[in-house]
Engineer: 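Structure provided below as structure tokens; questions to follow.
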Amino acid sequence: MSTTITFNQLRRIKDSLPKGSIRSIAESLGLNVETVRNYFGGADYVRGHCIGIHIEQGPDGGVVELDDPTILLMAHDILKGKIAVPIYNF
């Protein structure tokens, strides 16, 4: 089931996540951290992969169709406090 969201909405969600959230999502799903960043609009395809994000130009940064909303749903759960994010020492 795909999900449609504007690019700017997707970036606002990513920017609202607490520190360590991207790493936590990646580890939970067995993905590379850069792959999860790419899901939120990043572009590091050397270390990460593209996983079902399709961007069409338009207002508010364009329209993004996400093939699988799992990462987005996890981000929403983190923001709602349903998933705790471990503290990472970098």
Side-chain angles (χ1 to χ4, degrees):
M1 179 169 107
S2 67
T3 299
T4 303
I5 187 170
T6 69
F7 182 79
N8 289 343
Q9 287 173 319
L10 187 64
R11 293 299 288 184
R12 278 192 290 273
I13 291 167
K14 181 222 168 249
D15 293 341
S16 298
L17 291 169
K19 184 177 180 180
S21 296
I22 300 294
R23 181 176 302 276
S24 179
I25 292 170
E27 288 176 357
S28 295
L29 298 175
L31 298 172
N32 179 291
V33 173
E34 292 305 323
T35 299
V36 175
R37 285 190 180 112
N38 291 345
Y39 184 90
F40 285 103
D44 184 345
Y45 300 111
V46 173
R47 294 184 292 179
H49 300 285
C50 180
I51 53 170
I53 178 171
H54 311 281
I55 303 172
E56 183 178 324
Q57 297 297 319
D60 204 19
V63 176
V64 178
E65 184 175 345
L66 303 167
D67 291 344
D68 184 343
T70 302
I71 293 172
L72 181 62
L73 294 173
M74 289 183 78
H76 280 296
D77 286 346
I78 289 169
L79 291 172
K80 291 177 183 176
K82 293 180 180 179
I83 298 176
V85 177
I87 297 173
Y88 293 95
N89 294 320
F90 297 102

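Predicted, not measured: the structure shown is a model, and the values here were computed from it.
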Engineer: Just so I know, are the side chains of Ile22 and Lys14 near enough to count as touching, which here means a heavy-atom distance under 4.5 Å?
Structural biologist: yes
Engineer: Restricting to non-hydrogen atoms, name the atom on Pro18 and the atom on Ser21 that form the minimum distance, rounded to 0.1 Å.
Structural biologist: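 Nearest heavy atoms, Pro18 then Ser21: O-OG, 2.7 Å.
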Engineer: What's the verdict on side chain to side chain contact (heavy atoms under 4.5 Å, CB included) for Val36 and Arg23, showing C-alpha distance, side-chain angles and the deciding distance?
Structural biologist: CA-CA 8 Å; Val36 175; Arg23 181 176 302 276; over 6 Å; no
Engineer: Quick one: CG on Asp68 to CD1 on Ile53, what's the gap to the nearest 0.5 Å?
Structural biologist: 12.5 Å
Engineer: Which residues pass the side-chain contact (heavy atoms from CB on, under 4.5 Å) test with Thr6, not counting sequence neighbours?
Structural biologist: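 Partners of Thr6 by the side-chain contact (heavy atoms from CB on, under 4.5 Å) criterion, ordered by chain and then number, come out as Asn8, Gln9, Asp60.
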Engineer: May I ask whether Val63 and Leu72 are part of the same hydrophobic cluster, defined by side-chain heavy atoms of I, L, V, M, F, W, Y residues being less than 4.5 angstrom apart, directly or through others?
Structural biologist: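 Shared cluster, no.
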Engineer: Could you grab the distance from atom OG1 of Thr35 to atom CZ of Arg37, nearest 0.5 Å is fine?
Structural biologist: 10.5 Å
Engineer: Quick one: side-chain contact (heavy atoms from CB on, under 4.5 Å) partners of Lys80, sequence neighbours excluded?
Structural biologist: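 Once residues adjacent in sequence are excluded, the partners of Lys80 under the side-chain contact (heavy atoms from CB on, under 4.5 Å) criterion are Lys82.
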Engineer: Find the distance between CD1 (Ile71) and CG (Leu66) and round it off to the nearest 0.5 Å.
Structural biologist: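 Rounded to the nearest 0.5 Å, the CD1-CG separation comes out at 8.5 Å.
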Engineer: May I ask you to test the Ile25-Leu31 pair for a side-chain heavy-atom distance under 4.5 Å?
Structural biologist: no
Engineer: For Phe7, what residues pass the side-chain contact (heavy atoms from CB on, under 4.5 Å) criterion, not counting sequence neighbours?
Structural biologist: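 side-chain contact (heavy atoms from CB on, under 4.5 Å) check on Phe7 returns Arg11, Ile55, Val64.
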Engineer: Is Leu73 linked to Ile78 within one hydrophobic cluster, defined over Ile, Leu, Val, Met, Phe, Trp and Tyr using a side-chain heavy-atom separation of less than 4.5 Å?
Structural biologist: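 In one cluster: no.
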Engineer: Nearest 0.5 Å, please: how far is CE in Met74 from CG in Leu79?
Structural biologist: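 Reported to 0.5 Å precision, the distance equals 12.0 Å.
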Engineer: Once you round to the nearest 0.5 Å, how far does OH of Tyr39 lie from CG of Leu29?
Structural biologist: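 Going from OH on Tyr39 over to CG on Leu29, the span is 10.0 Å.
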